[in-house]
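Notes to accompany the following structure.
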Amino acid sequence: MDSPMILVVIGKNEVEEFLHYKDLIPRLEVALGEFSKPDREDIQPVRCTVPLQRYNGFLGLMPAYLAHEDFLCTKMVCFYKRESGSNLPSTRATVLLIDPEYGNVNAVMDGDVITAKRTAAVSAISAKLLMPAKSEVFTILGSGHQALSHYNVFTETFSFKQVRVWSWRRESSERFAQAALGPVTVCESVEEAVNGADVIVTATRATEPVLFGQWVKPGAHVAAVGACRPDWRELDDVLMSKAEVYVDSREGAAAESGEVILSGAKVFAELGEVLNGTRPAQREKTTVFKSLGMGIQDAVAAKLVFEQWKRHH
């Protein structure tokens with residue numbers, strides 16, 4: 001017997017309409033906590049990758065099964081190492097919702113908005129747990145979709161006195177500042193942008209370090225969301241050695257994080273362990289959250305979108 005659910009296509013505009021940080025963040029906190037429990041039921045293998053050498057990229061497959069909610073999905077995402085100044089996208093993603101009993105696809109939805117929003121939401125969770133108690137200066141390195149989604153959730157969730165941005169091309173930084181809903185200071189260099197900053201997000205296309213530990217003030221929190229391959233990195237050895245390192249998944253970081261692998265840094269905790277109270281949030285120290293993204297994060301966001309879609313149709 002075929003599944004009674006028909007196949008639906010949910011485009012970028014609808015995903016944007018249905019996915020809100022106020023709903024997404026609490027669900028992600030629950031999912032991260034569940035993931036970090038020794039007896040977790042949710043299933044998420046490490047991302048499978050297919051090299052696309054002709055195009056200087058790769059395809060990543062990120063399946064996940066939320067067992068306690070009986071929800072199965074997979075994200076297909078292409079990553080590219082683009083030349084500076086390229087107008088081509090650095091990522092493109094699609095999410096498939098699969099009926100876990102019948103095996104057929106129930107929905108196909110745009111994955112770019114899901115990727116941007118769930119990544120930014122998890123970074124905001126890391127900041128809520130780890131940033132200095134009095135954080136006034138927020139810096140974003142990068143000016144693309146991830147940079148803007150991080151700006152949106154961080155300024156929605158926290159109150160900063162100053163927001164700064166740096167990108168390789170000043171015109172990109174200026175476009176970002178114009179798209180932002182509040183005042184943004186455009187900086188000429190990374191060093192200028194991060195000097196004295198309390199919270200730093202790195203959302204760049206870099207494959208070699210752009211943020212150096214000597215520039216980061218003691219006690220700052222860094223959320224590093226670019227560089228998702230074992231030979232790519234945004235942060236240097238000095239920063240990785242002096243910071244307490246937190247990740248979304250130890251297994252994922254050991255397999256995919258150039259920051260962790262190339263520096264030899266030890267992972268102190270998963271965010272889920274902090275949320276569960278089994279590892280401390282060392283807010284008084286310099287902290288790095290290395291984000292690689294997880295299938296369960298996509299699943300949580302996709303489920304929320306699908307629930308909202310069904311309410312409106």
Side-chain angles (χ1 to χ4, degrees), residues 3 5 7-8 10 15 19 23-50 58-79 91 93-111 113-119 121-123 125-126 225 228-230 246-257 260-261 267 269-279 289-307 309-310:
S3 167
M5 181 62 70
L7 173 64
V8 299
I10 305 176
V15 175
L19 196 56
D23 305 315
L24 181 59
I25 287 176
R27 293 196 185 197
L28 285 171
E29 288 178 335
V30 171
L32 289 166
E34 289 295 324
F35 177 82
S36 293
K37 291 179 179 177
D39 58 347
R40 73 170 186 252
E41 295 182 350
D42 295 342
I43 299 171
Q44 175 200 273
V46 172
R47 178 166 32 211
C48 169
T49 61
V50 179
F58 67 93
L59 167 68
L61 302 176
M62 302 173 66
Y65 178 54
L66 304 180
H68 60 293
E69 299 185 54
D70 196 30
F71 187 80
L72 177 65
C73 83
T74 189
K75 185 172 77 177
M76 303 177 295
V77 55
C78 286
F79 294 85
T91 62
T94 302
V95 176
L96 305 180
L97 275 54
I98 302 166
D99 188 306
E101 181 178 6
Y102 290 87
N104 58 282
V105 176
N106 284 339
V108 179
M109 63 179 68
D110 178 86
V113 174
I114 285 176
T115 301
K117 286 197 171 185
R118 62 83 157 149
T119 304
V122 173
S123 294
I125 292 169
S126 81
V225 301
C228 57
R229 299 301 298 141
Y246 295 76
V247 296
D248 41 20
S249 162
R250 291 177 186 271
E251 186 180 16
E256 294 188 300
S257 171
V260 172
I261 295 167
V267 172
E270 294 178 344
L271 285 189
E273 293 176 305
V274 180
L275 291 163
N276 292 338
T278 56
R279 298 289 278 174
F289 167 57
K290 178 54 198 172
S291 169
L292 285 163
M294 300 195 295
I296 63 164
Q297 298 167 3
D298 297 314
V300 166
K303 187 172 188 294
L304 182 56
V305 170
F306 197 47
E307 289 172 354
W309 181 89
K310 288 189 288 185

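Quick caveat: nothing in here was measured; it's all calculated off a predicted structure.
With salt bridges taken as basic N to acidic carboxylate O contacts below 4.0 Å, none links Lys310 and Glu307.
Here the OH-CD1 distance, from Tyr65 to Ile296, works out to 14.5 Å after rounding to the nearest 0.5 Å. Distance check: Ser249 OG to Leu271 CG gives 11.0 Å after rounding to the nearest 0.5 Å. Leu24 CG to Lys117 NZ: the interatomic distance, rounded to the nearest 0.5 Å, is 8.5 Å. Separation of atoms CG (Asn276) and CD (Glu29) is listed at 11.0 Å; rounding is to 0.5 Å. Here Thr115 contributes atom OG1 and Asp298 contributes atom CG; the two are 5.5 Å apart, rounded to the nearest 0.5 Å. Atom CE of Met62 and atom OG1 of Thr49 lie 11.5 Å apart (nearest 0.5 Å).
At a threshold of 4.5 Å between non-hydrogen side-chain atoms, the residues Val247 and Ser257 do not count as touching. No side-chain heavy atom of Val300 sits less than 4.5 Å from a side-chain heavy atom of Phe71. Inter-residue side-chain proximity for His68 and Asp42 is flagged as met; some heavy-atom pair is nearer than 4.5 Å. The shortest distance between side-chain heavy atoms of Lys290 and Val267 does not fall below 4.5 Å. The closest side-chain heavy-atom distance from Glu270 to Phe35 is below 4.5 Å.
The two residues Leu292 and Gly252 have their closest heavy-atom pair at CD1-O, 3.4 Å. The minimum heavy-atom distance between Tyr102 and Asn104, with the atom names listed, is CB-OD1, 3.1 Å. Scanning both residues, Ala302 and Val95, for their nearest heavy atoms gives CB-CG1, 4.0 Å. Gly33 and Leu275 get closest at one heavy-atom pair: N-CD1, 4.4 Å. Residues Ala254 and Ile261 come closest through the heavy atom pair O-CD1, 3.4 Å. Looking at every heavy atom in both residues, Ala64 comes nearest to Ala299 through CB-CB, 4.3 Å.
Between the Asp248 side chain and the Ser291 main chain, no donor and acceptor come within less than 3.5 Å of each other. In terms of modelled atom types and a separation under 3.5 Å, the side chain of Thr74 and the main chain of Leu96 share no donor-acceptor contact. In this structure a side-chain-to-backbone donor-acceptor pair under 3.5 Å is missing from Asn106 to Leu7.
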For this session: Just do the salt bridge (Lys or Arg N to Asp or Glu O under 4.0 Å) check on Arg250 and Glu273 with the steps written out, would you?
Result: CA-CA 11 Å; Arg250 291 177 186 271; Glu273 293 176 305; 3.0 Å; yes
Exercise. Can you list the steps and then say if Leu19 with Ile114 is a side-chain contact (heavy atoms from CB on, under 4.5 Å)?
Worked result: CA-CA 8 Å; Leu19 196 56; Ile114 285 176; 4.2 Å; yes
For this session: Carefully, step by step, assess Ile125 and Phe289 under the rule side-chain contact (heavy atoms from CB on, under 4.5 Å).
Result: CA-CA 10 Å; Ile125 292 169; Phe289 167 57; over 6 Å; no
Exercise. So Glu101 and Asp70, side-chain contact (heavy atoms from CB on, under 4.5 Å) or not? Walk me through it.
Worked result: CA-CA 9 Å; Glu101 181 178 6; Asp70 196 30; 5.9 Å; no
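Looking at residues two or more places apart in sequence or on another chain, you find no side chain to side chain donor-acceptor pair (under 3.5 Å) involving Gln44. Taking Arg40 as the reference, nothing meets the salt bridge (Lys or Arg N to Asp or Glu O under 4.0 Å) condition, with sequence neighbours excluded.
Geometric assessment of Arg229 against the ring of Phe79 yields a negative cation-pi assignment under the 6.0 Å and 45° thresholds.
Tested against Lys75 for a side chain to side chain contact (heavy atoms under 4.5 Å, CB included), the candidates Arg47, Met109, Arg118, Gln297 yield a single pass: Arg118.
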